[in-house]
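Inspection log for the structure reproduced underneath, given as structure tokens.
Each chain gets a letter, A, B and so on, in the order its sequence line appears, and its residues count up from 1.
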2 protein chains.
Amino acid sequence: MANQPAVHDWISGLVLFEGIAKECRDRLAAASREVPVIRQEVIYRRGDSATGLFVLATGHVKLSIQSDKGPEKVIDLIGPGQSFGEAAMVLSHLYQHQAQALEDGLLIWIPKDAVDKAAETYAGFSRRLMTSLALQCESLQHDIELVNLHSASERVADYLLHQPIEEGKTRLRFDKRVIASKLGLKPETFSRALQQLKMQGLIAVKGASILILDPNRLRSVA
Amino acid sequence: MANQPAVHDWISGLVLFEGIAKECRDRLAAASREVPVIRQEVIYRRGDSATGLFVLATGHVKLSIQSDKGPEKVIDLIGPGQSFGEAAMVLSHLYQHQAQALEDGLLIWIPKDAVDKAAETYAGFSRRLMTSLALQCESLQHDIELVNLHSASERVADYLLHQPIEEGKTRLRFDKRVIASKLGLKPETFSRALQQLKMQGLIAVKGASILILDPNRLRSVA
DNA sequence: CGCGTTTTTGAAGACCTTCAAACTGAGTGG
DNA sequence: CCACTCAGTTTGAAGGTCTTCAAAAACGCG
């Protein structure tokens, strides 16, 4: 219980709990557990049963699906403040994907009982959960649209424009291989797509940092 | 109000309202409206604002995303008893996709107010909505997995195995073009994939009806 | 500086797509 | 009852985009 204050502070600040009654947050915080993770650590595997909800405090997490052989497909990249694993928990299902820490970080884990109880008692929290799921649906739909209807460089352009941009500059926060997989591309193809955008004078690339030279034309590509 | 009894009967029988308090169903039914649709009719377009929830009573509906040019991508095919358009409604968003009737049918439309109110008042209904969204998430994830990790014939095999099968036989309930698009394939590719499964002795094809000759090997393909 | 990892580059190949045309089959009208 | 038509499907050949394989280059870290 020594860690409760810290957990509570985190929970209070997170998107998932924005505007939620203090009492509700307190209860969730009381039930939750801090889970430190180290780089590369697998948080859950496909087939594990979902007994709770994860919220990421610090670090980054990769959600992915592995096939029988080597290749994996990254379905989402999670940053601080975001939650994951909701769908399987809501359905009392087995996870259909794997979650893995990309770096050392801290998770907050809230057991299903507490989530269910809170959702039942506090309509506001219930609506928040629903919103989170709906956002995921739209995000997944967007990914499907990208893979099916758009070329490699169009997908890369779209990705860049959705990153946090400061003074026309952005920074790839993940391995290029990981980003490539999220976009449904091989690392080689991703690299070539970046080259292409560079040659068209739309961006300048220096390692992981990318300068957006022509936002308008970049948008029209995506 | 003359149509209320019929609407109520439909609502009571639907998955989305299974196990929901009678009072709740009654209220939703009272607020809902029947909307007949004819073949090819567009129910909503991308960009329309979502002011309610659709439930399909009879007929079939195609959810799709169009690109600037010709090609469209089918993201889901809806049958009687299923609901759609939840995500955009929950988020008070614009629709990110289009819904179109594939044949004459009947929709039930429930205004957002009524849904919100019911979700707030009846935790059971709220949980149902959430379940529905969670299922959609998993389904979309599965589609992403298919497109990214599996070949054309693997996807077709998977699709066939997820259809209602009676006595080893199933029937394609939609245009092959529509199914192809849902699988992220061109009609020609879909046709060739079916041929390939046929040549491997896994299925027999006669128009829209398909005989599954070797379910086990078919499963191992998918 | 040296080593392992990540990224890039090049060339060859695979799978799906595109384009074009033939085929099928259900609905229509003679 | 049999053409006829038209949408839907299948088939063939050519073409593209992405992938694969291989190797070099760049990067990061001890």
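- One N or O on the side chain of Lys73(A) and one on the backbone of Ser181(A) form a donor-acceptor pair closer than 3.5 Å.
- Residue Lys186(B) places none of its side-chain N or O atoms closer than 4.0 Å to OP1 or OP2 of dC19(C).
- Atoms CG (Asp175(A)) and C1' (dC27(D)) sit 12 Å apart, rounded to a whole Å.
- dA23(D) atom P lies 14 Å from atom CD of Glu188(A), rounded to whole Å.
- For the 3.5 Å distance criterion, the side chains of Lys176(A) and Ser191(A) fail to qualify, holding no donor opposite an acceptor.
- Two residues are said to be in side-chain contact when any heavy atoms from C-beta on lie closer than 4.5 Å; Ile144(A) and Ile65(B) fail this criterion.
- In this structure, CD of Gln195(B) is placed 15 Å from P of dC23(C), rounded to the nearest angstrom.
- One interatomic measurement links the two molecules: CZ of Phe190(A) to P of dT9(C), which rounds to 13 Å at whole-angstrom precision.
- Each of Arg155(A) and Gly207(A) lies near DNA chain D, and the nucleotide nearest Arg155(A) is the one positioned closer to the 5' end.
- Residue Thr189(A) has a polar side-chain atom (N or O) positioned under 4.0 Å from OP1 or OP2 of dT19(D).
- Enclosure of atom CZ in Arg217(A) by more than 12 non-hydrogen atoms of other residues, nucleotides or ligands within 6.0 angstrom is indicated.
- Between the side chain of Arg192(A) and the base of dT20(D), at least one donor-acceptor pair of N or O atoms lies under 3.5 Å.
- Taking atom CD1 on Ile210(B) and atom P on dT9(D), their separation rounds to 12 Å, with Å as the unit.
- Between dC27(D) and Lys206(A), no contact under 4.0 Å exists linking OP1 or OP2 to a side-chain N or O.
- Each of dC18(D), dT6(C), dT19(D) was ranked by its minimum atom distance to the side chain of Ser151(A); first place goes to dC18(D).
- Between the CD atom of Glu154(A) and the P atom of dT17(D) there is a distance of 11 Å, given to the nearest Å.
- The distance from atom CE of Met199(A) to atom P of dT8(C) is 13 Å, rounded to the nearest whole Å.
- Residue pairs satisfying the ring-ring contact (aromatic ring centres under 6.0 Å, His included) criterion with at least one member in residues 58-96 of chain B, sequence neighbours excluded, are listed as follows: Tyr44(B)-Tyr95(B), Phe54(B)-Phe84(B), His60(B)-Phe174(B).
- Between the NZ atom of Lys176(A) and the C1' atom of dA25(D) there is a distance of 13 Å, rounded to whole Å.
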